[in-house]
Every structure is written in C-alpha cells, then in structure tokens.
J.: 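Please find one structure pasted underneath; my questions will follow.
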Amino acid sequence: MKVLLLSIQALSIVCLSYCPAALAQEPAGKEVDMEGHIEQEIITAETGLRDLTTSLHHLKRAATDILTEVERQDMVVVGEPDVIGPMIIPAIPNPTGTVGSGQFLPPRKKFIDYFMSQIDHLMPIVEKSAEAVTLPESASDQEKADRTRLGELMAELKGCFQALDKVTAGPQYDNLAIAGQATAFGDLVKRIDKRCKSLYKAMKKDLDHAKSNEKKHRREVEKEKKLKDPA
C-alpha cells in the first residue's frame, strides 16, 4: 500500500510538471524577472556613464587652464599711436588703455605643474570609469559600436596625455607646442564626452522601454491571476 501511494505521488509530480497551466504560469514570471534584470543592467550602465562624464568635465577644465596659461600675452599701455616691432598701435580714447603686444609671456612653472598634476590625478579616474562602463546584453548594435569607439578614444587619450606631459616637463617651455598639445587633448576629451552623452541618452531611452515592458508584463500576470481566481 505504501509503495502504491509513493507511485501515485510520483505520477502526480510528473503530471504537474507537464501540466499546460503550470507551464503557462512560468514564462510570465520569467518575463517579468527578465525585464527587471535588463532594467538593472541599464541603470548600472547609466550610472557608469554619468560618473565618466563628471570626470571628463574636470579633465577638460584642467586642459583649458593650461591653454589659458600659455596664451597670456604681454600687455602694453597706449595713449598715442605707437610702433612696437612690426605692429602699429593706434591711439585710443582712454590713455590708460592696454592692448596685447602679440608676444606670449613665458608660462609660469608653478601653474603648469599644478594643472598637469590635476590631469595626472584625473587620468586614472577617467580610465577606470571608462573601463567600468558595461552595456546590457539587450544593447543595440549601434550602442555596442559606440561603446567600442569609446574604448578606442580612451586609448588615443592616453597617448595624447603622454605627449602633453612631455612638452610641459620643462624647464624650458614652448608656448606654441604646449598650446597645440593642450588643444588636441581638450578636443579629444570633448569627443569622448560627446560619445558618453550619446550613450547615456540611449540608455535613458532603453530604460524607459524596459520599465514600460515590465509594467505590461506585470499587468498580464495580474490579469491571469484574476481569471484563475475571480474571488
């Protein structure tokens, strides 16, 4: 009798496992779980991109500060027409007015070193933030291509930083050389930032879509429950 009861229980388990009603319930739950998983992946990618954008903002600022330092011009006070080198400076109404002579002032070591120390400190932060950006498995081909391009631009930025570090090492400074490298570095940072913002916008759109799907699946699950148990 005991053996018979065990056999009946085993048969019941087998039947339940192949029961259409049981199978109908499982995919709905899985779909909701899957949407929640996708949503979390998108939020993670979105957070990583936001952190990277913040770091890039500070990096861009430091590059601008270097450019400003090496583009300082020697200023002269003029009140009457004057000739300075090849330049003819016309008279201006204000006798205490000043104009740039066209000659760059030597970069000040203390400021060059300070701005470069900022970049030197920020670079590992930016690199780490970029490496931490992972897209969800549901990402589109375009989003994946943008992520790949982001990695390539980061490799270019590393080389550009090394070139900037070399021309700002001193003790002699070449204003034009530093200005050229600082401009190239800043432009590259802007390109990376633009790519990040594009990806961030795409992640925001994907997140809204995932949330919408999750709500839809949950409504379907609730509707199925009510049909099975009207009370």
Side-chain angles (χ1 to χ4, degrees), residues 27 29-68 70 115-169 176-218:
K30 282 187 175 180
E31 286 178 352
V32 174
D33 291 342
M34 180 58 70
E35 289 299 330
H37 176 68
I38 292 174
E39 182 179 333
Q40 185 56 52
E41 285 186 331
I42 295 173
I43 291 174
T44 300
E46 192 180 52
T47 302
L49 287 165
R50 186 167 57 248
D51 289 344
L52 178 55
T53 299
T54 300
S55 300
L56 289 169
H57 170 75
H58 294 296
L59 198 61
K60 183 168 54 179
R61 178 62 187 175
T64 301
D65 287 337
I66 290 177
L67 190 60
T68 300
V70 298
F115 298 139
M116 282 304 298
S117 69
Q118 286 185 311
I119 294 178
D120 189 53
H121 179 72
L122 286 166
M123 278 298 293
I125 296 176
V126 170
E127 290 175 0
K128 187 175 181 179
S129 296
E131 291 172 359
V133 174
T134 55
L135 301 184
E137 295 179 4
S138 58
S140 66
D141 290 341
Q142 181 59 54
E143 290 166 353
K144 291 177 181 177
D146 284 343
R147 177 64 185 88
T148 299
R149 182 56 183 153
L150 178 62
E152 294 171 350
L153 289 172
M154 283 302 304
E156 291 182 34
L157 185 66
K158 187 175 181 179
C160 195
F161 165 66
Q162 292 172 347
L164 179 61
D165 188 51
K166 184 176 181 180
V167 296
T168 56
L176 293 179
I178 295 175
Q181 286 299 333
T183 299
F185 185 84
D187 288 346
L188 193 50
V189 171
K190 291 177 183 178
R191 289 169 60 192
I192 295 172
D193 185 55
K194 184 177 180 180
R195 187 76 56 169
C196 285
K197 289 178 178 177
S198 177
L199 270 173
Y200 182 80
K201 184 177 180 180
M203 289 297 101
K204 291 279 288 184
K205 184 177 180 180
D206 290 349
L207 181 60
D208 290 340
H209 182 68
K211 286 181 176 180
S212 177
N213 283 344
E214 183 182 7
K215 289 180 180 179
K216 180 181 177 181
H217 290 154
R218 290 190 182 280

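If you're wondering where the values come from, they're calculated on a predicted model, not measured in any experiment. Computed over heavy atoms, backbone and side chain alike; hydrogens, waters and symmetry mates excluded.
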J.: Show every donor-acceptor pair shorter than 3.5 Å between a side-chain atom in residues 149-161 and any protein atom, with sequence neighbours excluded, or say none if there are none.
T.:
residue: R149; atom: NH1; partner: E152; partner atom: OE1; Å: 3.0

J.: Under 3.5 Å, side chain of S198 to main-chain N/O of K194, donor-acceptor pair present?
T.: no
J.: To the closest 0.5 Å, what do you measure between OG1 (T54) and CG (D193)?
T.: 9.5 Å
J.: Any idea which heavy atoms bring Q118 and A62 closest together, and the distance?
T.: OE1-CB, 4.0 Å
J.: Testing I66, L67, T68, D120 for side chain to side chain contact (heavy atoms under 4.5 Å, CB included) with F115, which one passes?
T.: I66
J.: Which pair of non-hydrogen atoms, one from C196 and one from L49, has the smallest distance, and what is that distance?
T.: O-CD2, 4.1 Å
J.: Using the side chain to side chain contact (heavy atoms under 4.5 Å, CB included) rule, take L56 and K60 through it: C-alpha gap first, then chi angles, then the decisive distance, then the call.
T.: CA-CA 6 Å; L56 289 169; K60 183 168 54 179; over 6 Å; no
J.: Atom CE of M123 and atom CG of L164: how far apart are they, to the nearest 0.5 Å?
T.: 10.0 Å
J.: Mind checking the CG-CG spacing from L199 to D146? Nearest 0.5 Å is all I need.
T.: 5.0 Å
J.: Enumerate the residue pairs fulfilling salt bridge (charged side-chain N to carboxylate O under 4.0 Å, His left out) with a member in residues 177-191, sequence neighbours excluded, ordered by first and then second residue.
T.: none
J.: Decide if atom CZ of R61 counts as having more than 12 heavy atoms of other residues, nucleotides or ligands within a radius under 6.0 Å.
T.: no
J.: Could you measure the distance from the CE atom of M116 to the OG1 atom of T168? Nearest 0.5 Å is fine.
T.: 3.5 Å
J.: If you take all heavy atoms of A139 and K144, which pair is closest and at what distance?
T.: O-CE, 3.4 Å
J.: Nearest 0.5 angstrom please: T47 OG1 to L52 CG, how far?
T.: 12.5 Å
J.: Enumerate, atom names and distances included, each donor-acceptor pair closer than 3.5 Å involving a side-chain atom of residues 124-135, sequence neighbours excluded.
T.:
residue: S129; atom: OG; partner: I125; partner atom: O; Å: 2.9

